[in-house]
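Heads up: the structure comes next, in structure tokens.
Numbers for residues simply follow the sequence, beginning at 1. Order of listing sets the numbers, starting from 1, for every ligand and every atom in it.
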Amino acid sequence: MSDQLLRKTLRAIDVVPSRELGQNFLVDEEFSKWIVDQLDPQPEDVIVEIGPGTGALSRHLVGRCRKLILIEKDRRLAEFLRGEFVDSSEVEVIHADAITYDKRPLFLEGPIKLIGNLPYSAATPIMRNFLEQPTPVVRAVLMLQKEVAERLVAVPSTKAYGKLGLRVQAEWHVDLVRTAGPECFHPRPKVDSSIVVLQARQAGELSYFSKRLFDDLTNRGFAQRRKLLKKNLSLKAEEWSGLVSRLQCSDSARAEELSLPQWVELCNARDDHPVLDLPEDSSAEIFDVVDEQDQVLRQATRAEVHSEGWRHRAVHIFVLDKKGNLYLQKRSALKDRHAGQWDSSAAGHLDAGETYEAAAQRELYEELMVKARSVDGGEALQEIARIEACEQTGWEFVRLYSCEVSGKIRTHGREIECGAYFPMELVRQWVDKRPQDFAPGFIECLRRFDSNDD
Ligand code: SAM
């Protein structure tokens, strides 16, 4: 849209560009098309655009993807866009604030591509909402204030390097691909803008770590940039000297000197997550092999039980919050089975000689670092179902429990890539629409959970 046409359109819909809403509209048609091309739209893609405004980018996306979802906070612009794209059935306009928009229903669409010329005023919280795990977004092209874009791609020992860049780089490959001056927009902003392309990291590219601890340590590490890292983290001398040799950093290192892999290493060195005490190769674990009545026959290794298809025992636990939302975990790419699929809140095999209930408590702690909590004085773990060993369960006799938990769930990337609470109804719709996203044992457990509710 030319500068002239844009002004005419804004007048017609009674919009005076608002600074608060970061309304600097693109007026360079060629440039708009170039930005959209960086997203590499494909006919099967579902694309979400944040802050479409008068449609400068949206116009170049229509007809190039399966579905285009436009999220605009300004009601007048959202209405205008509905009129503009009334004949394009693939376009859905949502009048909402992208900072608080609930992105969980987007999982039903499969992998998502994200684009936006983001409002300066809200770019960081919008990025946090859409890019932090768990997210269905796999690629993003975002226009940001140049200074923010530079922080996203910053390298160690530079002024721009800090926790924002580290957190984004821990999940994404980020490239700053072009910078544009104020003349590309109406009204003209006071500063330059840059476009960044973000591509989700492949699982396993970095060592696995706990995201919550990473956020906590980078927060504390960068709290006072000029201070030594050991001071910011309040570390004792001997603890710090162990870290210096493990991280191969200098004794006087500041937060800004540590590279991303060093931060990940620091995180794992400071982590007390129980999963780190378990051997990485679990094939030698000993299970009870059972008969058709779930009676113990003998013991065998995990590797044998799985390769021979012998019946054995497992638990699944559905952790629910007070509103009845279900915590789902995304299995790590390291798992020998169903890697990268969504699964019950916690699940695992019984060790030889272990009871189902003890295994459920152990798995809750090993995977999520929480304990089942008794609600209204009842049992902490509610038994929901007993599932016979069958092909669907991988020849496991499964006991399904549900519970609420005390304390905050803390996962580690070695077992669980990410996790979140999801409304039950959304989970059911997601399973119906995209069963391939889920471990088959979970689908069976959900079916039994629902029939138990009837
Ligand atoms: N994409 C259009 C373009 O390039 O011309 C407009 C970009 S303008 C920089 C930012 C847009 O985001 C505006 O349309 C503004 O109304 C919208 N916006 C501002 N805050 C928002 C928020 N929290 N959620 C969704 N949209 C928002």
Which of the atoms in ligand 1, numbered in the order shown and given with their element, are less than 4.0 Å from a heavy-atom of [X]?
| X | result |
| --- | --- |
| F25 | 5 (O), 6 (C), 14 (O) |
| I71 | 25 (C), 26 (N) |
| A56 | 3 (C), 5 (O) |

Tell me yes or no: between the side chains of [X] and [Y], is some donor less than 3.5 Å from an acceptor?
| X | Y | answer |
| --- | --- | --- |
| E205 | H173 | yes |
| Q341 | D343 | no |
| H412 | N268 | yes |

Fill in: Shortest non-hydrogen separation from L217 to C267 and the atoms involved
CD1-CA, 3.7 Å
Over 60° means perpendicular and under 30° means parallel, so tell me whether [X] and [Y] are parallel, tilted or perpendicular.
| X | Y | value |
| --- | --- | --- |
| F209 | F214 | tilted |
| W430 | F422 | tilted |
| F449 | F318 | tilted |

Starting from [atom], what is the nearest protein heavy atom, named by residue and atom, and what distance separates them?
| atom | value |
| --- | --- |
| atom 14 (O) of ligand 1 | E72 OE1, 2.8 Å |
| atom 8 (S) of ligand 1 | G22 O, 3.3 Å |
| atom 24 (N) of ligand 1 | A98 N, 2.8 Å |
| atom 5 (O) of ligand 1 | L26 N, 2.9 Å |
| atom 11 (C) of ligand 1 | G51 O, 3.4 Å |
| atom 26 (N) of ligand 1 | K73 N, 3.2 Å |

Regarding [atom]: of the candidates [options], which has the closest heavy atom?
| atom | options | value |
| --- | --- | --- |
| atom 3 (C) of ligand 1 | N117, T100, I35 | N117 |
| atom 2 (C) of ligand 1 | A78, P17, P52, A122 | P52 |
| atom 13 (C) of ligand 1 | E20, Q23, R76 | Q23 |
| atom 18 (N) of ligand 1 | P119, S32, P125 | P119 |
| atom 23 (N) of ligand 1 | L81, D97, L21 | D97 |

Discussion item. Looking only at the aromatic ring of each residue, does the gap between the centers of W172 and F130 stay below 6.0 angstrom?
Written reply: no
Discussion item. Below a 4.0 angstrom heavy-atom separation, can you tell me which part of A96, side chain or backbone, both or neither, approaches ligand 1?
Written reply: backbone
Discussion item. Checking salt bridge (Lys or Arg N to Asp or Glu O under 4.0 Å) between D45 and each of K113, R66, K67, which is the one that passes?
Written reply: K113
In plain terms, say whether [X] and [Y] are close enough for a salt bridge, that is, a side-chain N and a carboxylate O under 4.0 Å apart.
| X | Y | value |
| --- | --- | --- |
| R188 | D3 | no |
| D216 | R212 | no |
| E79 | R76 | no |

Worksheet item: Of all the heavy atoms in G55, does at least one lie under 4.0 Å from an atom in ligand 1?
Response: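 Under 4.0 Å: no for G55.
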Worksheet item: Can E49 be said to touch ligand 1, with heavy atoms closer than 4.0 Å?
Response: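 The answer is yes, since E49 has a heavy atom less than 4.0 Å from ligand 1.
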Discussion item. Under 3.5 Å between any N/O of D74 and any N/O of ligand 1: does that happen in this structure?
Written reply: no
Worksheet item: Does L77, backbone or side chain, put an N or O under 3.5 Å from an N or O of ligand 1?
Response: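 No; every N/O pair is 3.5 Å or more apart.
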